[in-house]
Amino acid sequence: MNPIVEREKGLLEVARRIDDLRAANANQPVDMSAEIAALEQKYEELQRELFGSLTPYEKIHMARHPERPTALDYISQVESFDELHGDRHFRDDPAVVGGFATLGGRAVMLIGQQRGRDTKENIKRNFGMVTPEGYRKVKRLAHTASRLGLPIVTFIDTKGADPGISSEEHAQSEAIAMCLYEFVQARVPIVATVIGEGGSGGALALGIADHVIMLEHSVYSVASAEGCAAILWSDASKAEEAATRLKLTAADLQRFGIIDEIVPEPLGGAHREPSTVVTRVLESVRRAVQKLSAMTPEALLEERYRKYRRIGAWGTERRETIGTIP
Amino acid sequence: MNPIVEREKGLLEVARRIDDLRAANANQPVDMSAEIAALEQKYEELQRELFGSLTPYEKIHMARHPERPTALDYISQVESFDELHGDRHFRDDPAVVGGFATLGGRAVMLIGQQRGRDTKENIKRNFGMVTPEGYRKVKRLAHTASRLGLPIVTFIDTKGADPGISSEEHAQSEAIAMCLYEFVQARVPIVATVIGEGGSGGALALGIADHVIMLEHSVYSVASAEGCAAILWSDASKAEEAATRLKLTAADLQRFGIIDEIVPEPLGGAHREPSTVVTRVLESVRRAVQKLSAMTPEALLEERYRKYRRIGAWGTERRETIGTIP
Amino acid sequence: MPMPEWLRIRRGKNAEQRDAALWSKCPKCGEVLYRRDLATNLFVCTKCAHHFRMSAYDRISMLIDGDFTEIGSDVATGDPLGWVDKKTYPVKIAADREKAGINEGVVCGIGAIDGCDVALGVMDFHFRGGTMGTVVGERITMLLEEARKRGIPCVLFTASGGARMEEGMFALMQMAKTTAAVARFMQDGNFFVTVLTDPTTGGVSASFAFESDVIIAEPKAMIGFAGRRVIEQTIRQKLPDQFQTAEFLLEKGHIDMVVERHELKATLTRLLRYAADGKRARA
Amino acid sequence: MPMPEWLRIRRGKNAEQRDAALWSKCPKCGEVLYRRDLATNLFVCTKCAHHFRMSAYDRISMLIDGDFTEIGSDVATGDPLGWVDKKTYPVKIAADREKAGINEGVVCGIGAIDGCDVALGVMDFHFRGGTMGTVVGERITMLLEEARKRGIPCVLFTASGGARMEEGMFALMQMAKTTAAVARFMQDGNFFVTVLTDPTTGGVSASFAFESDVIIAEPKAMIGFAGRRVIEQTIRQKLPDQFQTAEFLLEKGHIDMVVERHELKATLTRLLRYAADGKRARA
Ligand SMILES: [Zn+2]
Ligand SMILES: [Zn+2]
C-alpha cells in the first residue's frame, strides 16, 4: 500500500465533486460558482498541505508511485529511438531498455531501467530489477557507444538488482562490476538521471556519470530504507526513521556533491504532469550532453576520475603519508 | 571401431610372442635366440608395413586414437602450471584446460582442448567438444595474456565445437567468433599445435597463431571426412575418399603455407612413445615462442595480419581494381 | 522496385529468364504469386509475409541510391585442392555462375544508402549455398579494407551454409582473414552492421556475422552454428520449429533486432546516421 | 607462524587478549583447539580444515616477508550523515576499533611475498562486518594508485557484508571510486589478483572483487551479491547449503580457483612470478 496513492484519494474525491458541481451548474438555473470556487481553493490548499513538503519516507513512495513516468515514457519522447537487444550470450533482459537515439538533434546511446506500468508489464520487466544478462547488455551498449563516439544517457529506476537464484548463478556481482568498469572508461560524455528509485549497486551500475541529475522527488540510496532498518535497528518498522537518516533525497545528495542537478516536479509529483516533467528532464539531459561534448575524451576521463576520487575525502584530513612500521 | 587400434592387435600379438619366447629362453636349456631375432625382425617389418605410410583416412584414426597423448599430457610436463577456470558468467567448461604455465623458463598462457582418456573422462570433457562457455574462457585467458605480455600457447584436439541444443542457445557462433576476434588482436606471440584432430571452426577458435605446428599424424580440416562425404557425395561411405580430397594432413597443409612446422611421430604413432613426442612438441613450442618474442607487438600484429591476408590469393591473379558499373 | 541501369548488365541471362517467368510459388503458404508483384513487394509474399531468399544484385538495388562501385568482382574462383566429388569443382562453379547469375558467393562494393556512404557486401545463397571460399573471404576483406581507408561504415548481408568444403582449409582460413579485417576496421572506431538472412550458419555465423556493432536479422531467418540436422542426429530427437529462428535468437539475446524487409532500408539509414553523428563528434 | 616485530605494535590490546585465551572452538565441527595450535596452522581447524576468519594483520604476517609499509593508516573514519540508530556511528566505530584491534575495515600497504614486490590490501570482517565505507574505499584507491606508480602487482583480500549503510551514498560511491582506480591500474598492464574470503558480498563483491585478472577464493567461503536471507525471503524457500560457496562458484565459472590457506602463499608467489615475467618481456 503506497501512502502517496492513499493520500491522493482524498484529493481525487474533491476533484470529482468540483467536476460534478460544474456539470450541474451548466444544466441548472441556480448559480453555484461560489461553491465551486470554494472547493477549488480547498483543492489547492489540500494539495499544498498533502504534497507541499514531503518527508524522505514519503519521497520513497512518490518515487515508487505506480503512475510515475518510467524510462520508456522518456524514451518515447526523443526524436528517434532504435532499440538494441540482448547480452549476445544468453538472454534479452526486458528490465533494461537500450539503443541508439536522437536527442536534441544529436545521436546518443540511451539506456534505461524499465519497471512495469501495470501488473502484466511488471512481471515481464521483473519490477525493474535487472538480471546479470541485463547488466551485460548495458555494458555492451556502453562499450559500443564509447567506440562510436556517442554520448551515453541513462535513466535509473530500480529497487535494486534482481536477487534471485539464477541471477546469483549467472554472476550478478561480476555483471554489475563490469558495468562500473566499462562506465569509468567510456570515452564519451555520460549523463545519468534518477527518475524514480535508485537502489544500491543495481542502480549505480548505470550511474557513473559526468553529470548526474535527479528528479526532485526521486531517491538514491545505498540500501532500501526497509532493509537498512531491518539490519541496523533489527526492526523493519523503523523504515521511516532509516529513510530520514540515510539522506537519500535529491537535495541531500546535491549538497553532498554526489549529484549535480535537480529537476523540479509539479506539486503532487511527476505523474501529475508527466509530459512537462519528461520535457524538462530531456532538456536538462540535452544541455548536459552539449556542454560535456566540448571536452576531449582525455579531459572527460580525467575529470570523471577526479570527481569520484574526491568522494570520501570529507571529514578526514586526508594526508597521503606512508609510514613504515615500525 | 578405430582401424588403427584394430591393426595394432596383430602387432601386439607378435610382441607378446617375443616376450613369451624371451621368458622361456631364460629358463630353458634350448637356445631360442634365432627364433627371437626372427620374430623381432618380423615385428619391425610388420610395423613398417602397417604404419610406414598412412593414408589421410588412417591418419584421421591415428589422430583419434584413444591412447594418443591429450592436451593434459603435454601440460603436465611443463615446469609449472596454474589452472584458471570459468567464463566468469555461467560455467567452467572441462573441455578446455587453461592457465599460467612456465615453459623453458618463461611464463606463458597455456590453453588446450581436452578430450577424455577414458569413457568417464570423455563424458566429463564432452569428448573435447567445447561449449560457448569454454570458448569464452579461451577468450578471457587470451585477453589476460595479451594484457600481461604472456605468450599464448594452444593445443588443438577436437572433432569440432559442441553441436548441442544448449550450445546453440548460448550463442556458439558468437563465442567462436569472439575467440577469433581476440586472437587476431592479441599483442603477444601465439603458438598453436594441432596434437590430434583439428575439426573446423571449433578448432580454429584456438588456432589463429604466429606459428602453427602439427604433429605428423594429426589432421586439420574444414569439415569431418564423414560430414563432407555425407554432404558432397550424399554417401557417408565415401568418407575415405573425402579424407583424401580434403588435404587435411600436416604435409599438405605445410605445402599450402597454412601451417609452419611438423613434429615427427615415432613409427606407429605418438602414443607408442608419448614422452618423446611430448618433449619434442614442447621443445618446438619453446623455440617458436623464443623466436617470436624478439618481435615488438606491432610487428607481430602486422605479420599476423599479412599471413592470414595472403591465404586465398592463390590461383587468382588478385587485382585490386575497383570498377564502376557500368 | 526500379532497376538501375547497371543492374541489368550484372544480373546475367538466367536472372532475366527468372524474371520472365510469370509466377513463383511461396514455399511457406503455397500461394502462387506473380513474379512482378513479388519483386515490387521486395520478394516478400503478399499473402503470408514470408521473406524469399534474394539474389545479391536484387538486394543491392533495393538499398543503394544510385551508382554502386563494385570491389573485387574480378577475384575469381580457384581450385587449390583439384577437387572432385560427383563433379569437379570448376564444373560446379560454372553451373552456379550460370544458374545464379553472379560469379561468386558475395557481391561487394561502395555506394550510398539514402545519402549515407557505405561499404556494402551481400552474400547470395543461390551460389554454392552461400558457402565461404577464398573468393568470398577475399572480397569481404577487400571491402573492409576499403571501408577502413575511406572511414565509412560497412554493412554485410550474410546467407551461408558455412565454409566451402571444396576449398578445404583455404576456406576455413577465411574465418581468420575476415576477422582480422573486421578487427582492424572496428579498432579505428568504424561502424559495422551485419544483416543475417536465411540461412546463416557455420563458418560465416562463427566469424564476421557475430562480430559487428549491430546484428540485424530478417524475420524467420534460420541462424546457428551447427546445422539443424547435425543437432538432431546428435541428440536423437526432433527440434522445435522455433529453434534457431531469428525470433528465437532475439529472445535469447544473441541479436539486436529482427527487421522486416520493408523496414530494412529505413532502419539501416537511421543506424548509419547515428554512427555518422558519433564520427562527427569525434572529429 | 612467526610474528614480525611490527605486528605486535599494530594489533592492539584486545588482540593480545585474544591470543592469551587458551582455546577457540571450531564453528564447523565443534572441536576445541588450542589457540596457539590454531595460529600455527594458519587458523585452519586441525580436525575439519575449516578456515577461520582471519584478522587483517594475521593475514599480512602470514604472507609478507619482512617489512610492510602501510598506506593510508591515518585516513580516519568520518560521520558525514551524523548517523544514529541504536547507537551513534562514532560509538560503533570506537567499539570496533577496540574489539578488532584495527582502526578501519581494511589494512593496505607495500611489501614483498617471497621476494615479489606487491601492493597488498586485506579487509577484516571483524571491523563493521568488513563493510565498505569511505575509509575502505579511500585506502584501497590509495593502494592501487601507489601500485600503479610503482608498476607492481596488487593483491586484495576481500571480506565484506557490503556497503556500510551508516555512511549512506558516500559508501555506495566507493564502488565507483575503487573501480576507477582498478581500471587505471589495469590499463597500464599491471597484474591484479583478488582473494575472496568468507564472506564476500554486496558492494565489494560487485566491484573490485570481480574486476581482477585472477579471482581466488578460500574453501567454503560464502560469496555472492545478494545475501542468503534476502534471496530466501524473495523466493520463499530455503537455499541448498552449497549455494554461493566458493566451490559452487568455481563450478559456475565465476572464479578461477579455490585455494586452501596452506597453499595460498605458494600459489600467490607463482602467480606474481608469471606476471613479473610478462612485465619483463614487455620492457
Ligand atoms: Zn506466402
Ligand atoms: Zn573444525
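Heavy atoms of A/T102 lying under 4.5 Å from chain C belong to its backbone as well as its side chain. Proximity to chain C (any heavy atom under 4.5 Å) is shown, for A/A145, by neither the backbone nor the side chain. With a threshold of 4.5 angstrom between heavy atoms, A/S80 approaches chain C through its backbone and through its side chain.
By the 4.5 Å heavy-atom criterion applied to side chains, C/R53 and C/R59 are not counted as neighbours. Residues A/H170 and A/R91 fail the side-chain proximity criterion, which asks for heavy atoms closer than 4.5 Å.
Of the charged side-chain nitrogens involved, none lies within less than 4.0 Å of a carboxylate oxygen, so that A/R140 and A/D87 do not count as a salt-bridged pair. With respect to the salt-bridge test (charged N to carboxylate O, under 4.0 angstrom), the residues C/R148 and C/E145 do not qualify. With respect to A/K137 and A/E133, no salt bridge is recorded, no charged nitrogen being found less than 4.0 Å from a carboxylate O.
When each of A/G99, A/P94, A/G149 is scored by its heavy-atom pairs under 4.5 Å with chain C, the top score falls to A/G149. The candidate from C/L271, C/N190, C/I216 with the greatest count of non-hydrogen atom pairs under 4.5 Å with chain A is C/N190. Counting heavy-atom pairs under 4.5 Å between each of A/P297, A/G86, A/A107 and chain C puts A/A107 at the top. Between chain A and the residues C/M257, C/K252, C/R280, the largest count of heavy-atom pairs under 4.5 Å involves C/K252. Between chain A and the residues C/M186, C/K279, C/Q187, the most heavy-atom pairs under 4.5 angstrom are made by C/M186.
The side-chain tip of A/R115 does not point at the ring of A/F127 from less than 6.0 angstrom away and within 45° of straight on.
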